[in-house]
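To start, the structure under review is shown below, and the notes come after it.
In what follows, every heavy atom counts, from backbone to side chain, and hydrogens, waters and symmetry copies are set aside. Owing to the predicted nature of the structure, the values given are computational and were not obtained by experimental measurement.
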There are 2 protein chains.
Amino acid sequence: MGELVFVGLGLHDETGISLKGLEEVKSAENVFIEIYTSILPNFSISRFEGISGKKLRIVSRKELEDENGEAVLKEAEKGKAVLLVPGDPLIATTHVALRLEAEKRGIKTRIVHGSSIVSAAMGLSGLHNYKFGKSVTIPFSENLSETPYLVIGENLRRGLHTLCLLDINVEERRFLSIKEALEMLLNVEAERKNGTITIERLAVGIARAGSPNPKVKADFVKELLRYDFGEPPYTLIFPGKLHFMEAEALIAFAGAPLIVRKMVQ
Amino acid sequence: MGELVFVGLGLHDETGISLKGLEEVKSAENVFIEIYTSILPNFSISRFEGISGKKLRIVSRKELEDENGEAVLKEAEKGKAVLLVPGDPLIATTHVALRLEAEKRGIKTRIVHGSSIVSAAMGLSGLHNYKFGKSVTIPFSENLSETPYLVIGENLRRGLHTLCLLDINVEERRFLSIKEALEMLLNVEAERKNGTITIERLAVGIARAGSPNPKVKADFVKELLRYDFGEPPYTLIFPGKLHFMEAEALIAFAGAPLIVRKMVQ
């Protein structure tokens, strides 16, 4: 019987995969890779092919979403197929849909996990993971949405941190910048006037999580608006109530202004 | 100048580390490992030493917490030291404290991420990550706490899922079981009577995330109470509002009863 193994590539480049993930690739008959649900800025297909000794076949959004991953499923029905995905598999809904279709066809499925921006952002910021509320994606401005603003506000009212993933379009190499995300939130603030996102609000911007040189900067929105985070991808965190050790972490690891100590509650 | 690199071991065994994490180990002068903040059930020190060609030094809770990681910091001041940690580094507060102390002493610190139960549990259950609210740890019964019950209730009122990490004591090889966790929550329910955790509440139990044979079972509390999840570690999820694809995922990947389809909102 066939088998489809979802293998997480982790973050940033081709060395983010786990040892067990690489073994799955080496023992697969067919290896597919999906690189549009998220971005691995420094991932090289040829370097990965060199490491694994396997040829990779890129599956496009069209193949996975419009054609329900037929290309992948056909191979998985015959033998062992691996689908390489950025980060940790099945965080993206597309993968869940594909796994459902595979199970429907009697194809065994397994997951080999990889590191994810969800926990990486918590570790990089030093903010406590159990104090994060609902997370949210901030879309490109053409799909202006009030949801992120409302989610951040709801979390703040409970003293919780909010992890904001910034929208990307890998095919068009477009990445919502931290500046654009903050401006969108300030625009919603101008309408809603809840005081959720003001230029005095503390936020943490993260660029290139998982790379050798991630940029993690905590400051007030008015400062982050002009801060240069360098290359994508980007993540944004709005801290809620700060524990003293969280404040110290933001100062030490994210260059937060010392006044953050006064915000400890 | 010295350097301390926190390297995530990911989940379950010695092959959960990333390729870049292994490279950091190979190029380190001193390699420490901390295996009490979380459990890697099938991790073998000697197998890892074989893979990496490095001798590992285990740091105890006492060394890290009572002695502020002095043993690790002394080596990190001299040259490159790696601290191997289960899952993704700096999710545990202990690591944040150590990193703060290292930075205070002028030791450069970096993080090499690993897969974490936080995202693994989302992927294994097929529940959407942006619908998870605040997460919580359910402690051993001797430290009876109402917090988990209240957190789950608050998330449920907003239609959000709750990830519950179950307490462990690696030194004593004690693991809070899913049955014990559910009984504790039912005891709080008997006092509080909010209707948050009843025997009719849907929950998802996960055992051995990241292993080749994780057990993922979705059912009502009264059924999960007598379900055999096998070996630890364990995680528990209380789903909030279900999207239809989440319901299908729970049925297909977690053996949820078909009636879950009627719970889609």
Side-chain angles (χ1 to χ4, degrees), chain A residues 6 8 10-23 51 87-91 93 95-97 99-100 103-104 109-116 118-120 122-124 126 128-137 154-155 158 160 165 209-210 212 214 245-246 248-249 252-253, chain B residues 6 8 10-23 51 87-91 93 95-97 99-100 103-104 109-116 118-120 122-124 126 128-137 154-155 158 160 165 209-210 212 214 245-246 248-249 252-253:
Chain A
F6 294 84
L11 301 166
H12 188 66
D13 62 26
E14 63 278 352
T15 63
I17 191 172
S18 66
L19 303 186
K20 70 183 77 175
L22 183 60
E23 286 315 305
I51 293 169
D88 199 15
L90 291 110
I91 297 301
T93 322
H95 307 150
V96 177
R99 190 181 178 200
L100 279 169
E103 294 275 342
K104 225 183 271 164
T109 61
R110 284 186 294 119
I111 304 173
V112 176
H113 299 284
S115 52
S116 164
V118 174
S119 59
M122 298 172 179
L124 286 168
H128 296 160
N129 79 303
Y130 59 87
K131 287 173 64 184
F132 279 79
K134 191 182 194 305
S135 63
V136 70
T137 295
E154 186 176 312
N155 285 335
R158 335 210 117 61
L160 301 178
L165 303 173
M245 198 188 284
E246 293 182 306
E248 293 307 315
F253 313 145
Chain B
F6 294 84
L11 301 166
H12 189 66
D13 63 26
E14 63 279 351
T15 63
I17 191 171
S18 65
L19 303 186
K20 68 183 80 174
L22 184 60
E23 286 315 305
I51 293 168
D88 198 16
L90 292 112
I91 296 304
T93 321
H95 306 149
V96 179
R99 190 180 178 200
L100 279 169
E103 295 276 341
K104 229 183 268 165
T109 62
R110 285 186 294 119
I111 304 173
V112 177
H113 298 285
S115 53
S116 165
V118 173
S119 59
M122 297 172 178
L124 286 168
H128 296 160
N129 79 301
Y130 59 85
K131 287 174 63 185
F132 278 79
K134 189 184 194 307
S135 63
V136 70
T137 294
E154 186 176 312
N155 284 334
R158 341 209 111 64
L160 301 177
L165 302 173
M245 198 188 285
E246 293 182 306
E248 293 307 315
F253 313 145

* Asked: Are A:F253 and B:V96 close enough, and set up right, to give a side-chain contact (heavy atoms from CB on, under 4.5 Å), and what steps lead you there?
  -> CA-CA 10 Å; A:F253 313 145; B:V96 179; 4.1 Å; yes
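The part of B:E154 that comes within reach of chain A is its side chain, from C-beta onward, which places non-hydrogen atoms under 4.5 angstrom from that chain. Residue contact with chain A, scored on non-hydrogen atoms closer than 4.5 Å, involves the backbone and the side chain of B:Y130 alike. Only the side chain of B:V118 comes within less than 4.5 Å of a heavy atom of chain A; its backbone N, CA, C and O stay farther away. With a 4.5 Å cut-off on non-hydrogen atoms, B:H113 touches chain A through its backbone and its side chain both. Residue B:D88 touches chain A through its side chain alone, counting heavy-atom pairs closer than 4.5 Å. Interface remark: B:L124 contributes backbone and side-chain atoms alike to the contact with chain A (heavy atom separation under 4.5 Å). In this structure, chain A has heavy atoms under 4.5 Å from both the backbone and the side chain of B:L100. Using a 4.5 Å cut-off between heavy atoms, B:D13 contacts chain A through both its backbone and its side chain. Looking at A:L160, only its side chain comes within 4.5 Å of chain B, counting heavy atoms on both sides.
Annotation: side-chain hydrogen bond (donor to acceptor under 3.5 Å, both in side chains) contacts of A:T109 (sequence neighbours excluded): A:R99, A:E103. Residues forming a side-chain hydrogen bond (donor to acceptor under 3.5 Å, both in side chains) with A:K131 (at least two apart in sequence, or on another chain): A:E246.
Chosen from A:R158, A:M245, A:M122, the residue pairing most often with chain B at heavy-atom distances under 4.5 Å is A:R158. Heavy-atom pairs under 4.5 Å with chain A peak, among B:V136, B:L22, B:T93, at B:T93. Comparing A:P89, A:S116, A:P212, A:A120 by how many heavy-atom pairs each has under 4.5 Å with chain B, the most go to A:A120. The candidate from A:A252, A:G16, A:G8, A:G126 with the greatest count of non-hydrogen atom pairs under 4.5 Å with chain B is A:G16. Ranked by non-hydrogen atom pairs under 4.5 Å with chain B, the options A:L90, A:L19, A:L11 are led by A:L19. Taking chain B as the reference chain and counting heavy-atom pairs below 4.5 Å, the highest number among A:P214, A:A209, A:G210 is found for A:G210.
If you take NZ on A:K20 and OG on B:S115, they are separated by 7.0 Å, rounding to the nearest 0.5 Å. Considering CD1 of B:I17 and OG of A:S18, their distance stands at 10.0 Å, rounded to 0.5 Å.
Side chains of B:H95 and B:F6 form a contact here, defined as non-hydrogen atoms less than 4.5 Å apart.
A donor-acceptor contact shorter than 3.5 Å is absent between the side chain of B:N129 and the backbone of B:S119.
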